[in-house]
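Some notes on the structure that comes next.
Only a predicted model underlies this, so the values are computations on that prediction, with no experimental measurement involved. The sequence lines fix the lettering, A, B, ..., with proteins before strands; numbering per chain opens at 1.
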There are 2 protein chains.
Amino acid sequence: MARVRMRDVAEHAGVSVRTVSNVVSGYPHVSPETRAKVQRSLDELGYRMDYLARGLRSGRTGFIALAVPFLAEPYFAELAQAVIRAAGRRGITVLVEATAGDSEVERRILDGGLTNVADGVLLSALTVPAADVGARTPDFPLVMLGEHSVGNQFPRVGIDNVAAARTAVEHLVEQGCRRIVALGRNGSENGRQRTEGYQQAMAAARVRRVNWLVVPVEDWTREQGYAAVRELLEGDGPLPDAVFAFNDALAVGALRALDASGVRVPEDVAVAGIDDIQEAAYTHPPLTSVAPDLDVIAERALALLEEQTGRSGAAREAGAPVAAVQEATPFRLVVRESSRWRSAGR
Amino acid sequence: MARVRMRDVAEHAGVSVRTVSNVVSGYPHVSPETRAKVQRSLDELGYRMDYLARGLRSGRTGFIALAVPFLAEPYFAELAQAVIRAAGRRGITVLVEATAGDSEVERRILDGGLTNVADGVLLSALTVPAADVGARTPDFPLVMLGEHSVGNQFPRVGIDNVAAARTAVEHLVEQGCRRIVALGRNGSENGRQRTEGYQQAMAAARVRRVNWLVVPVEDWTREQGYAAVRELLEGDGPLPDAVFAFNDALAVGALRALDASGVRVPEDVAVAGIDDIQEAAYTHPPLTSVAPDLDVIAERALALLEEQTGRSGAAREAGAPVAAVQEATPFRLVVRESSRWRSAGR
DNA sequence: GTGATCGTTTGCATCGATGCAAGGCCCGGC
DNA sequence: GCCGGGCCTTGCATCGATGCAAACGATCAC
C-alpha cells in the first residue's frame, strides 16, 4: 500500500487537488457538500499530510527546535516536557537537540543550522555564545530560555535569576542561618546572576563578610555538588550552617556529601536549591527549592516565537529587528525539610 | 539576506546545479578542481542544505523519531540522550515525541503518523498497542525499545526483563533477605516479565510462598512507589525485609516512604531497583540497581532501523516482512548501600 | 436586463533538491 | 583512424503540497 497523496483523494472524491487542499487546511469558502464528500474520501483512504512537501512550499514546517545542553539533566528534561506539551496544544512538533554544552554546537544553531527544518528555535544555552555571533541578528525566530544572551539582543524567557537566588538566601537567613555557602559559580551568566542574588541577600541581612563564601564548580551536576561539598567539609575552615546551591542537581550532590560525612540536614546545615525538579521532593531530607513555572515559560516562549514568525515568517525574510523582550516568569519558593532549621528543633 | 540555494552556488561557481549536488552529497566522480571550486563557493556563500527539499525528493529525511511516554522520567530522558548521541554519530537528527503513555497516541505512531518526516521510528511504548494495530506490519522502519509488542512481531531492543528482575532478586536473597516485596506490577508487558523474574528467583531460592508479595501500582513513578510502600507499612501484615522495585523511580519513592516512617535502609529493609538512573547514586542510601547499557541499546536500535531502511527505504514501499529480531542487550548489577545488608552489620 | 459582487472551484507554476539517463570528452586498443 | 568505454558534467522531470489568480456560476443592485 503506497502512500496516499492529495491527488489520490482528489480523484476518489471527484474534485481537484486544490479543493482537497482547501478542505484539509480549513479554507472557509468550501461548500458543505463538497467538504463532506472530500472528508469522506480523506477518511476512507486514510490520507495523512506530507509535512515535508507542505513545508517546502509554504515555508512553514510545523516544527520548532528545542536545544538544551543535556537532556538527561532533570531540569532540562522537565523543561523539554513542558515545551512539548505546550507545542502539542498548538499543533506544533518539537525537534529536540542536545548541544552537550558545546559552544560550537550552540553557535551553529544560532547561525541558523536548524532553520530549514524548524520554524523557530528555542535555545537553552549553557555557554554564552561568542560575541561575534551574538552581535548578529538571526534571520529566523529565536527565543532564549533561561540564559541571557550577550547584550540581551535576543528575546528571552525565564525567571529573574537574581531575584530567585535572593529569595532562596533570604529564606535561609530567616531560618537563622548566617554562614551560608553559595555553591555553583561558574562561567555562565546565570551563575553570575545567582551569585549576585546571593550577595544582595547577604548584604541586606547584614551578614558579616567573613561568613560569605562562594564556591565555584565546573558544571551544575550532582557530581560537582558532591565533590565541592566534600572538599569543603575536609577543609579546615569553619563549617557553614547552610548551603545555597545554584540548582537542584548541585543540591542533591551536596546532600549526598553531607549525608556521607554524617552531617545532619537541616540540624547542622540547611540546604536549598533552584529548579524544584521532581527529584527534589524525594531527597533525604526533601529539598527546599525555588520553583520556576515551566508551563508558563514554555507558553510564553512559544508565544514569542509566534510573534516573530508572523514577521519574518513564511517568506523566510529577515523582518524588522525584533525587540529583544526580556520576559521574567513567575517562581515560588517551595519549603521542605532541608531548610526547616528551627522547626527541626535545633 | 535570503536563503542560499544550490542554484546560487552553481551560478557563483559557474557549474550546474547538479554538479553542486554531486559535490555536496559526496558523489565520487567529480574532478578535484571542480570539487574545490564548488567547495569554495559553498563556503563563501554559506550554503546550508534544505533538508525538507531533499527529503521530499529522495524519500529520506535524515530524521528518526523517538517516542517515549514521558521525557521528564529520568530513565526516558537518559535513554533519549543516548539515542540522540548515537544518532548524532551517524549524522541523524532525532525528533522526540512524548506520548504521555496514551495508547491512542502510540497507536497513531504505529499507524504511521510520523512516517512522512522520519525515516524510522523508535517506540518506547508504555501500553501494549491494541492487538488490531499490532497485527499489521507497518510499512516503515520501526523498532521497539524496551517493551515487547504483542506477538513480538516488531523488532525490539532491550534488556531481558525476566533475567534482569531475577538478577536483582537473587542479589537480595544473597544478602539474606527472604520476605521480598515485588513493587510495580501493572498492566504492562514489562511489569509481567519483571514479576516473572521475581517469581523465578523466589522459587529457585525456595522461599516459602507466604513470603511472596507482589504489590501493584498504576505508574512506575516516585509518587506511586511512595504511596504503595506507605500503605504497606501502615497495613498489619509483617514487615518485608526487602523491596524489589520494578524501576528506580518506584525505588526512590519507596526509599522516601521508608525514611519517612523511620525504617532504616538497608538495616531493616533492603531496596533494589532497575534502570540505574543517575539519581540512583545519590539517594539515601545510594540505590542498588540493575543497569542496562543505554549506549548499546541506542546503537543496536539504530542499526536495526538502518537494516529496515535498506529494504523498505527510499521507495517508501513495504518491503519483505522484517524478521522480528528480539535483541537482548547486556546489563549489570550495580550494588550500592541500599542492599548491603550483612555488610551493614545487622 | 446588465454589470458588479461574492462564493466556490480550478489550473498552473513553484518551493529546492535529487533520480535518471544522456552527452561530451579523453583515453587506449585494434 | 575509428570505435568502445570510463570519467565528468549536465538537463529535465519529479517528489507532494500550496500561492496565486483566473474562471465559473449565482446572487444582487440599479
Could you give me the CA-CA distance, side-chain angles and deciding distance for B/Lys37 and B/Glu33, then say whether side-chain contact (heavy atoms from CB on, under 4.5 Å) is met?
-> CA-CA 6 Å; B/Lys37 189 172 54 181; B/Glu33 311 91 69; over 6 Å; no
Short N-O contact, A/Arg40 and A/Asp43, less than 4.0 angstrom | no
Could you state the CZ-P distance from A/Arg60 to D/dG16, rounded to the nearest angstrom?
-> 24 Å
note: B/Leu52, atom CG; D/dT14, atom P; distance rounded to Å ~ 22 Å
Separation of atom CD in A/Glu33 from atom C1' in C/dT9, rounded to whole Å = 13 Å
Between atom CZ in A/Arg7 and atom P in C/dC12, what is the gap in whole Å?
-> 14 Å
Is it true that B/Glu306 and B/Arg90 have a side-chain N and a carboxylate O under 4.0 angstrom from each other?
-> yes
Whole angstrom is fine here: how far is it from OH in A/Tyr51 over to P in D/dG16?
-> 16 Å
Spacing of B/His29 atom NE2 relative to C/dC27 atom C1', expressed in whole Å = 16 Å
State which of C/dA17, C/dT9, D/dA17 makes the closest approach to the side chain of B/Asp50.
-> C/dA17
Salt-bridge criterion met for A/Arg89 and A/Glu299 (N-O under 4.0 Å) = yes
Between C/dG11, C/dA17, D/dT9, spot the one nearest the side chain of B/Thr34, thanks.
-> D/dT9
Rounded to whole Å, the OH-P distance (A/Tyr27 to C/dT10) equals 13 Å
Taking C/dG11, C/dC15, D/dT10 as options, the one with an atom nearest any side-chain atom of A/Ser16 is C/dG11
Could you say whether A/Asn22 or B/Ser31 is positioned toward the 5' end of DNA chain D, judged by the nucleotide with the nearest heavy atom to each?
-> B/Ser31
Does B/Gln308 use its side chain to pair, donor to acceptor, with the backbone of B/Gly120 at less than 3.5 Å?
-> no
Whole-Å gap separating P (C/dG16) and CZ (B/Arg18) | 17 Å
Per B/Arg57 side chain, nearest of listed nucleotides D/dA17, C/dG19, D/dT10 | C/dG19
Identify which nucleotide among D/dG16, C/dA17, D/dA17 has an atom closest to any side-chain atom of B/Leu56, counting heavy atoms from C-beta outward.
-> D/dG16
Taking only N and O in the side chain of B/Ser21, is any of them less than 4.0 Å away from OP1 or OP2 of C/dT18?
-> yes
Does A/Pro28 or A/Val17 map to a spot on DNA chain C nearer the 5' end, using the closest nucleotide for each?
-> A/Pro28
Under 4.0 Å between a side-chain N/O of A/Ser58 and OP1 or OP2 of D/dA17, yes or no?
-> no
With heavy atoms under 4.0 Å as the rule, sort B/Val15 into base, sugar-phosphate or nothing.
-> sugar-phosphate
